[in-house]
Amino acid sequence: MRYVLIGIAMMVFLVVSLAGFRGDISRKPPLEVFPDMDRQPKLRPMEPNSFFKNGMSSQPLVEGTIARSEAIDLGAGKKVYPFEKDHVAVSGFVKKGETNTVASIPIPVTSQLMVRGRTKYNISCLPCHGGQGDGNGVVKHFGFGAIKDLHDPNVVKLNDGQLYRVITVGNLEGKGEMKGYANTLDVTDRWAVVAYVRALQLSRLGKEEEVPEQFHVKAKPAPNKSEEGEKH
Ligand code: HEC
């Protein structure tokens with residue numbers, strides 16, 4: 001029994017002397033059984049290095065490098081980056097942690113943005129929602145029904161932030177039928193699509209007096225006889 005106790009005491013002594021007490025701080029390098037990649041033949045940023053001609057370890061970007069993400073232009077010289085996830089222009093929510101969506105597009109709507117929106121809409125949304133947004137995309141011919149008409153009053157009354165959320169994570173915050181397009185459309189693309197969807201909706205909701213005089217329809221054209229009765 002005595003030998004067992006002495007044995008245990010020696011074991012404890014051995015372990016403590018090798019490993020130290022818990023929480024002990026030591027300046028000596030720790031006992032290293034496996035090297036654990038503590039020391040690596042790598043270059044630290046901005047460290048001098050003779051390997052490259054310019055003597056720097058951090059090399060300037062190669063000409064023509066494409067950025068992985070684009071700053072979002074808020075207008076008036078202000079910018080926000082896609083990784084600033086709580087910003088209203090990135091999340092679509094007015095405040096962090098709240099579910100109130102922003103009423104109108106928080107970035108400047110320019111004709112350039114509209115064109116970008118049309119391009120992106122025609123790539124990502126048109127196959128389902130159709131070129132005019134009325135839910136008659138090509139997928140209908142392949143049995144995918146129940147695509148939302150974007151001129152539906154319930155869609156028209158969604159605010160811009162809600163549209164943005166639908167494009168970002170899908171409808172019903174990702175739990176609905178439609179999935180989000182955040183992996184193919186960046187933040188600015190998505191606001192651009194919101195702007196373009198608004199334009200599509202306005203094309204049917206606009207009043208005649210909002211249209212410049214020269215585009216007013218003077219008289220209703222007579223129905224074309226040859227097309228009557230034909231199925232479209
Ligand atoms: C694969 C087909 C498909 C594509 C592509 C698609 N949608 Fe949809 N979208 C749907 C379907 C289906 C619904 C109806 C979902 C439901 O009722 O649950 C819908 C619903 C919507 C709604 C209504 C959401 C609501 O809460 O009522 C909006 C707005 C919308 N889509 C916009 C877009 C935009 C903008 C794009 C392009 C970025 C797009 N969709 C791409 C299938 C698609």
Side-chain angles (χ1 to χ4, degrees), residues 66-75 80-207 210 232:
I66 296 169
R68 287 181 61 217
S69 67
E70 177 190 24
I72 301 137
D73 190 358
L74 299 177
V80 59
Y81 287 87
F83 54 80
E84 295 175 63
K85 295 211 184 311
D86 297 329
H87 193 283
V88 55
V90 181
S91 69
F93 292 126
V94 179
K95 267 195 198 140
K96 184 187 170 185
E98 284 187 11
T99 52
N100 291 335
T101 43
V102 62
S104 55
I105 303 174
I107 65 174
V109 179
T110 56
S111 54
Q112 228 182 345
L113 192 82
M114 295 299 293
V115 172
R116 180 167 173 173
R118 183 177 60 196
T119 309
K120 298 296 175 178
Y121 177 92
N122 288 347
I123 295 169
S124 299
C125 322
L126 177 144
C128 290
H129 290 285
Q132 299 183 8
D134 41 19
N136 286 324
V138 68
V139 297
K140 239 187 174 168
H141 301 295
F142 297 94
F144 193 164
I147 307 253
K148 202 81 164 198
D149 176 3
L150 301 182
H151 301 284
D152 183 316
N154 287 326
V155 177
V156 174
K157 77 172 188 217
L158 297 177
N159 70 17
D160 290 350
Q162 284 170 312
L163 279 184
Y164 176 82
R165 295 296 303 170
V166 172
I167 302 170
T168 305
V169 295
N171 69 322
L172 303 175
E173 283 295 311
K175 296 193 189 80
E177 280 277 312
M178 185 188 139
K179 299 302 166 203
Y181 283 82
N183 53 0
T184 48
L185 300 175
D186 68 21
V187 172
T188 309
D189 288 339
R190 281 176 260 152
W191 288 118
V193 171
V194 172
Y196 186 67
V197 168
R198 287 300 185 218
L200 284 178
Q201 292 172 340
L202 255 182
S203 72
R204 295 197 184 174
L205 295 171
K207 297 190 189 74
E210 291 166 344
H232 290 280

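We count ligands from 1, going down the list as the structure has it; atoms in each ligand are counted the same way.
Considering every non-hydrogen atom in both Leu113 and Thr188, the closest pair reads CD1-CG2, 3.8 Å. Between Ala89 and Ile107, the closest heavy-atom pair is CB-CG2, 4.4 Å. Across all their heavy atoms, Val88 and Trp191 have their closest contact at O-CZ2, 4.1 Å.
Residue Ser124 approaches ligand 1 through these ligand atoms, each under 4.0 Å from one of its heavy atoms: 5 (C), 37 (C), 41 (C). Heavy-atom contacts of Val193 reach the following atoms of ligand 1: 35 (C) (cutoff under 4.0 Å). Proximity to Ile167 (heavy-atom distance under 4.0 Å) selects the following atoms of ligand 1: 35 (C), 38 (C). Annotation for ligand 1: atoms under 4.0 Å from non-hydrogen atoms of Val155 are 23 (C), 29 (C).
If you look at Leu163 next to ligand 1, the close heavy atoms, those under 4.0 Å, all belong to the side chain. Only the backbone of Ala146 comes within contact range of ligand 1, with a heavy atom under 4.0 Å; no side-chain atom does.
Under a 4.0 angstrom heavy-atom cut-off, Leu185 registers as being in contact with ligand 1.
Atom SG of Cys125 and atom CG of Leu150 lie 8.0 Å apart (nearest 0.5 Å).
Centroid-to-centroid, the aromatic rings of Phe142 and Phe144 stay 6.0 Å apart or farther.
Atom CD of Gln112 has 12 or fewer neighbouring heavy atoms from other residues, nucleotides or ligands inside a 6.0 Å radius.
Between the side chain of Asn100 and the main chain of Val94, no donor-acceptor pair closer than 3.5 Å is present. For His129 (side chain) and Gly137 (main-chain N/O), no donor-acceptor pair under 3.5 Å exists by modelled atom type.
Nearest protein neighbour of atom 5 (C) of ligand 1, counting heavy atoms only, is Tyr181 OH, 2.7 Å.
For the residue pair Gln201/Arg198, the side-chain donor-acceptor check at 3.5 Å is satisfied. Side-chain polar atoms of Tyr164 and Arg190 form a donor-acceptor pair below 3.5 angstrom.
For atom 8 (Fe) of ligand 1, the set of protein N/O/S atoms nearer than 2.8 Å consists of His129 NE2, Met178 SD, ordered by chain and number.
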